[in-house]
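Heads up, the thing below is written out as structure tokens.
Order of the sequence lines fixes the chain letters, A, B, ..., with proteins taken first and strands second; residue numbering starts at 1 for each chain.
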There are 2 protein chains.
Amino acid sequence: MIKELITRNRSYRRFDESVKISTEQLLKWIELASLSASGRNAQPLKYAVITNENLCSKIFPFLGWAGYLSNWKGPAEGERPVAYIAVIKDRSISENHYCDDGIAMQSILLGAVEDGFGGCMIGSVNKSKVARLLKLEEQHELLWIIALGKPAEEVVLEQVRNNDIKYWRDEAGVHHVPKRSVTELVLKTE
Amino acid sequence: MIKELITRNRSYRRFDESVKISTEQLLKWIELASLSASGRNAQPLKYAVITNENLCSKIFPFLGWAGYLSNWKGPAEGERPVAYIAVIKDRSISENHYCDDGIAMQSILLGAVEDGFGGCMIGSVNKSKVARLLKLEEQHELLWIIALGKPAEEVVLEQVRNNDIKYWRDEAGVHHVPKRSVTELVLKTE
């Protein structure tokens, strides 16, 4: 049931680094993106798939982690992502990718969660540095990095209180994410 | 299985207008969006839910349908959407909604498809006119309209040939959507 899968699909930032993900598996999730909607069906999004440990460790320092957890520098050794999918716009196809990136990343992550993995869409990326690491050509604009692995943290949803949407981590290391209620989100029904 | 659901989740533009969708059902799909990821967890997207026949018929003329089908003016009477979800950015929360709209609409439509319905994300909207119909306030920016109903058309995926991504409709009325292969989409694996 899709609600169960969407609920399990949290933004995971700590992983069991001993559990690897195969390239084949990652391509299967990208296939889900390829089957999803695209504005004007242009399909300008391309992907780079990274599982090589050395390259993963080079990418890692260029990623920003969990902005609201100001005392946390990101996952420690042993709990870092074991794979990345770079989401790239091919500007030779279209300058406008509408919201294809959100559609595609949601499909990819739902696939990952179904298979017992998980990840996080990261927009806080030193894009020029990572583009250089990936040897991207001029027409290829890096949009997002999806960090992936076997989740090794508990993430729970809770209701937003006092309009405070900042996620937080409790003493037991559980990550809490306040979500707005449907009542708040729906301006009108007519 | 998520692949089966994503594959069935096509952009449907013709519906069986005799099959209605309840507001309760639509709110259930919006709940799926509320449980999905949001950039910085700001959750600036709001929704208007429209099932009223009179309002639906007022919105309809302000929607653009299937740009590549130049001889088709959109669904005829009897095959029009029975409900709309307007996706709205609340600029008092954030001016930047990242790709939240794609994430949210994918979640909503996967919910609709699971329940035997379907729809289409429409960006070609006369936004000022529809915003007026919905009596949106200044801070509420209309982003997308999702048209929804019980699909009454067959949509098939096929491989892109000669880089032609334009969807087309055959003599039997089947809607064909060329999709790029995973091989084309993946720039590199390393």
Within one Ile-Leu-Val-Met-Phe-Trp-Tyr cluster: I59(A) and L143(A), side-chain cutoff 4.5 Å
no
message = Around atom NZ of K20(B), are there more than 12 heavy atoms from other residues, nucleotides or ligands closer than 6.0 Å?
response = yes
Looking only at L26(A), V182(A), T7(A), L109(A), most heavy-atom pairs under 4.5 Å shared with chain B are made by V182(A)
Under 4.5 Å to a heavy atom of chain B? For K135(A) that would be both
**Prompt:** Is there a chain of hydrophobic side chains (I, L, V, M, F, W, Y, each step under 4.5 Å between heavy atoms) that links I108(B) to L185(A)?
**Reply:** yes
Value for CG (L5(B)) from CG (L5(A)), rounded to nearest 0.5 Å, stands at 9.0 Å
Under 4.5 Å to a heavy atom of chain B? For L187(A) that would be both
Applying a strict 4.5 Å limit to non-hydrogen atoms, the region of L27(B) in contact with chain A is both
Count the heavy atoms belonging to other residues, nucleotides or ligands that lie under 6.0 Å from CD of E4(A), then report whether that count exceeds 12. yes
If one checks every heavy atom of T23(A) against chain B at 4.5 Å, the contacting part turns out to be side chain
Filtered by a 4.5 Å non-hydrogen cutoff, the part of residues 77-104 of chain A contacting chain B is I88(A), I93(A), Y98(A), C99(A), D101(A), G102(A), I103(A)
So, the part of M1(A) with a heavy atom under 4.5 Å from chain B: the answer is both
>> So does I50(A) get a backbone contact from the side chain of E190(B), meaning a donor-acceptor N/O pair under 3.5 Å?
In response: no
Next item on the list: Indicate yes or no for a side-chain donor-acceptor contact from Q106(A) to the backbone of Q106(B) under 3.5 Å, with no hydrogens or angles considered.
Entry: no
Residues 29-43 of chain A vs chain B, non-hydrogen distance cutoff under 4.5 Å, contacting residues -> I30(A), E31(A), L32(A), S34(A), L35(A), S36(A), A37(A), S38(A), R40(A), N41(A), A42(A), Q43(A)
Point to revise | Shared hydrophobic cluster, V113(B) / V19(B) (ILVMFWY, side-chain heavy atoms < 4.5 Å) | key: no
Got more than 12 heavy atoms from elsewhere within 6.0 Å of NZ, K127(B)?
yes
Comparing E184(B), R180(B), K46(B) against chain A, the one with the most heavy-atom pairs below 4.5 Å turns out to be R180(B)
Note: vs chain B, highest number of non-hydrogen pairs under 4.5 angstrom among T51(A), N163(A), N54(A) is T51(A)
Could you check whether atom CD of E53(A) has more than 12 heavy atoms from other residues, nucleotides or ligands sitting under 6.0 Å from it? no
Subject >> Hydrophobic cluster identity match, V155(B) and W168(B), side-chain contacts under 4.5 Å >> reply: no
In terms of heavy-atom pairs under 4.5 Å with chain A, the winner among L134(B), L110(B), L55(B), V186(B) is V186(B)
- Task: Tell me whether V125(B) is reachable from L148(B) by hopping between hydrophobic residues (I, L, V, M, F, W, Y) whose side-chain heavy atoms are closer than 4.5 Å.
- Result: no
Looking only at K28(B), E137(B), H140(B), M105(B), the option with the highest number of non-hydrogen pairs under 4.5 Å against chain A is H140(B)
**Asked** Backbone N or O of V49(B) within a donor-acceptor pair of the K188(A) side chain at under 3.5 Å?
**Response** no
Most contact-rich option vs chain B, by heavy-atom pairs under 4.5 angstrom, among S107(A), S124(A), G111(A), is S107(A)
